[in-house]
Amino acid sequence: SKSEKQTQRLGFSLGACLREGDVVLLEGEMGAGKSVLTRAAARGMGVCGPVPSPTFTILNIHDGSAMKLYHFDLYRLEGEDALYEMGLDEFIPARDGASLIEWPQMAAEAMPVDHLAIDIRYANDGMAREITLTPRGAFDEKRVEEILRKMEDCHEYPDD
């Protein structure tokens, strides 16, 4: 991705293609674009209004047009046990929505086998981002192809 707009187009396309029960794990360095991608995915799911990062609350739930978005930020989590103690594992996967999880490595053992892993890294020039989508388990390559086709059709990102 050479711009924030391109990252937003990918996120919007991702959100438009998500289904109930989907889990997306977002990894990458601080400031790489995980929250940008998530906010755009929320728009693709029909979420209106602000989509702040749940850094201190761990989980924000947003109503989309067809399903809910469960937006996790596990950066401050102290491992899987904390996730289980708070009862948040019941939303991974969620029955009535999709779960997008930033910093999933903080509770790696609680992450499901079936998911889409998205890794966002700074490119060599420090400006662009390298974004890798890796399907796992039931979230297969055909689903990634669907997201990429949707992105090709999305020439503009619908601004807030």
Can you tell me if E78 has over 12 outside heavy atoms packed within less than 6.0 Å of its CD? no
Establish whether L133 and L26 are linked, either directly or via other cluster members, by ILVMFWY side-chain heavy-atom contacts under 4.5 Å. yes
Is the shortest heavy-atom distance from the side chain of V23 to the side chain of P112 under 4.5 Å? yes
Count I, L, V, M, F, W, Y as connected when their side-chain heavy atoms are under 4.5 Å apart, and connections chain through other members. Are L59 and M86 then in the same cluster? yes
Side-chain touch I118/L25, heavy atoms, less than 4.5 angstrom: no
Are F72 and V24 connected in a single hydrophobic cluster, I mean Ile/Leu/Val/Met/Phe/Trp/Tyr linked by side-chain heavy atoms less than 4.5 Å apart? no
Identify the heavy atoms of L77 and M106 that sit nearest to each other, and give their distance. O-CE, 3.6 Å
How many angstroms lie between atom CG of D153 and atom CG of L148, to the nearest 0.5 angstrom? 11.0 Å
To the nearest 0.5 Å, atom CD of E20 lies from atom CG of D22 at 9.5 Å
Name the atoms and distances for all side-chain donor-acceptor pairs under 3.5 Å in residues 92-102, with sequence neighbours left out.
{"unit_1": "D96", "atom_1": "OD1", "unit_2": "Y70", "atom_2": "OH", "d": "2.6"}
{"unit_1": "D96", "atom_1": "OD2", "unit_2": "Y70", "atom_2": "OH", "d": "3.3"}
{"unit_1": "S99", "atom_1": "OG", "unit_2": "F91", "atom_2": "O", "d": "2.5"}
{"unit_1": "E102", "atom_1": "OE1", "unit_2": "S35", "atom_2": "OG", "d": "3.2"}
{"unit_1": "E102", "atom_1": "OE2", "unit_2": "S35", "atom_2": "OG", "d": "3.2"}
{"unit_1": "E102", "atom_1": "OE2", "unit_2": "H71", "atom_2": "NE2", "d": "2.6"}

Are V144 and T134 packed together at the side-chain level, in the sense that at least one heavy-atom pair is separated by less than 4.5 angstrom? no
Short question: side chain of E80, backbone of A108 - any donor-acceptor pair under 3.5 Å? yes
Identify the two heavy atoms, one from F56 and one from R76, that lie closest to each other, and give their separation to 0.1 Å. CE2-NE, 3.2 Å
So, do M30 and Y75 sit near enough that their side-chain heavy atoms are less than 4.5 Å apart? yes
Are any of the side-chain nitrogens in K34 or D73 under 4.0 Å away from the carboxylate oxygens of its partner? no
Partners of S3 by side chain to side chain contact (heavy atoms under 4.5 Å, CB included), sequence neighbours excluded? K5, Q6
What residue pairs, at least two apart or across chains, pass ring pair (Phe, Tyr, Trp, His ring centres under 6.0 Å) with a residue in residues 110-145? none
Single-linkage hydrophobic cluster I61~M45, side-chain heavy atoms < 4.5 angstrom: no
What closest approach, in Å, do L18 and M67 show between heavy atoms, and which atom pair accounts for it? O-CE, 3.0 Å
Closest approach of V113 to R136 (non-hydrogen atoms, all atoms of both residues): O-CB, 3.4 Å
E146 with R19: basic N within carboxylate O range, under 4.0 Å: yes
Quick one: does any side-chain atom of D114 pair with a main-chain N or O of A138 as donor and acceptor, under 3.5 Å? yes
Ignoring hydrogens and angles, tell me if any N or O in the side chain of D140 forms a donor-acceptor pair with the backbone of R143 under 3.5 Å. yes
Shortest non-hydrogen separation from P104 to L74 and the atoms involved: CA-CD1, 4.1 Å
For I131 versus S1, what's the shortest heavy-atom pair and its separation? CD1-CB, 3.8 Å
Hey, does the side chain of R129 reach the backbone of A32 with a donor-acceptor pair shorter than 3.5 angstrom? yes
Under 3.5 Å, side chain of R43 to main-chain N/O of V47, donor-acceptor pair present? yes
So L116 and I147, do their side chains get closer than 4.5 Å, heavy atoms only? yes
Side-chain heavy atoms of V36 within contact of Q8, under 4.5 Å: yes
I'd like to check H62 versus K68 (side-chain heavy atoms, cut-off strictly below 4.5 Å). Are they in contact? no
